[in-house]
Enquirer: 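Dropping a structure here in C-alpha cells format, bear with me for questions.
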There are 2 protein chains.
Amino acid sequence: MQDGEVFAALADPTRRDVLQLLADRGQASATTLAADLPVSRVAVVKHLGVLDKAGLVARREAGREVRYEVRPERLELAARRLVEVAAAWDARLAAIKRIAEEER
Amino acid sequence: MQDGEVFAALADPTRRDVLQLLADRGQASATTLAADLPVSRVAVVKHLGVLDKAGLVARREAGREVRYEVRPERLELAARRLVEVAAAWDARLAAIKRIAEEER
DNA sequence: CGCTCGTGCAACCCTAGGGTTACACATCCA
DNA sequence: TGGATGTGTAACCCTAGGGTTGCACGAGCG
C-alpha cells in the first residue's frame, strides 16, 4: 500500500472511470460496473484489484456477489503527501535561491 | 497538461527518482542527472520529457546544455484536486448513508 | 432438483513505454 | 581549428499490463 501504487492506480483512465462510477453509486459489484463501462467484466475485476491493493477501494463479499466501495481517506492521504513533497521542494528551492542571492 | 498526465508521470519510480534528484540539486541537465542514476542519459531525457509535458518540470536552454528545474506549483495543484475529489466522494457517501438511515 | 446468475481463473493477444546502443550535429574552449 | 562535451534522434529489444474469450464452479431461487 505504497504511495507509488496510488499514483499508478490513478494513472489509468479506465481505472479513474471505475473509481468515479463507484463513487457515484456508493457501492457496486464488478459485473454491474462493467455494464456501464466500455470494457468487459474481467477487465473491471482487474482494475478493482489494483485499486484494492492501492487502498483506494474496499472489497466486501455479500453472499454470492462481491461489493466494492470507495475509500476517500486513502486519496486524501496521498494528496497530503503530495503537498508535503511540494512544500519540501519549495523550501529547498527557496534555500538555493537565497544562497544565490548571497553570492551575488 | 491534464491531471492524468501528472499521475502517470508520478507513477514511474525512475521518474520519481529523477524528480527527487532534481529537487535536491535545484537544477541540472539530463547528462549530470544520468551520472547519478542507474539508467542511461537517453532514458533520463525521455523521463524529463514526460515530466515536462505534465508540467512538473521546466526546461531551460543555456548555451549548449539544457537545464531542468522542478516546479512545485503543479504538484500542489494536483494535490489540491485530489483533496477536492476525495471531499466530493465523502459528501456523496455521506448522502447515501443518510438516505439509508432515513429508509430504516 | 435444475436453472440462472455472479465470480474466479487460465490462456491468450497486442500495444505502450521504459530501456538500450550507435551515430550525427552543435557548441565551447585550448 | 580541432577535439571534448552535451544534445538530439533513430532503430531496436523486451516486458508490463490492459484487453479479450472461454470455461468451471458455487450460491441462490423457482
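Values reported hereafter were calculated over all heavy atoms of this structure, with side chains retained and with hydrogens, waters and symmetry mates removed. Labels below follow one simple rule: chain letters A, B, ... track the order of the sequence lines, proteins then strands, and each chain is numbered from 1.
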Enquirer: Toward the 5' end of DNA chain C, which comes first, B:Arg41 or B:His47, by nearest nucleotide?
Expert: B:His47
Enquirer: Whole-Å distance between C:dG6 P and A:Arg67 CZ?
Expert: 11 Å
Enquirer: Measure OH/B:Tyr68 against P/D:dT7 and give the value in whole Å, please.
Expert: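 So the OH-P distance, B:Tyr68 to D:dT7, works out to 8 Å.
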Enquirer: May I have the distance from A:Leu48 (atom CG) to C:dC9 (atom C1'), rounded to whole angstrom?
Expert: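 So the CG-C1' distance, A:Leu48 to C:dC9, works out to 16 Å.
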Enquirer: Do the charged groups of B:Arg67 and B:Glu65 touch, with an N to O distance under 4.0 Å?
Expert: yes
Enquirer: What nucleotide among C:dG8, C:dA22, C:dT27 has an atom nearest to a side-chain atom of B:Val42?
Expert: C:dA22
Enquirer: May I ask you to verify if any side-chain N or O of A:Ser40 is less than 4.0 angstrom from the OP1 or OP2 atom of D:dT20?
Expert: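 Yes, within the criterion.
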Enquirer: Is the distance from OP1 or OP2 of D:dT7 to the nearest side-chain N or O of B:Ser29 less than 4.0 Å?
Expert: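 Answer yes for this pair, as a side-chain N or O of B:Ser29 is under 4.0 Å from OP1 or OP2.
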Enquirer: Between A:Arg80 and A:Glu84, does any side-chain N to carboxylate O distance fall below 4.0 Å?
Expert: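 Looking at A:Arg80 and A:Glu84, the cut-off is not met.
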Enquirer: Any idea which of C:dT7, D:dG18, D:dG6 is nearest the B:Arg64 side chain?
Expert: D:dG6
Enquirer: In this structure, how many angstroms lie between the C1' atom of D:dT7 and the CD atom of B:Glu61, rounded?
Expert: 9 Å
Enquirer: With distance as the sole criterion, do the side chain of A:Lys46 and the base of D:dG19 form a donor-acceptor contact below 3.5 Å?
Expert: yes
Enquirer: Which whole-number value in Å describes the distance from B:Leu37 CG to C:dT20 C1'?
Expert: 16 Å
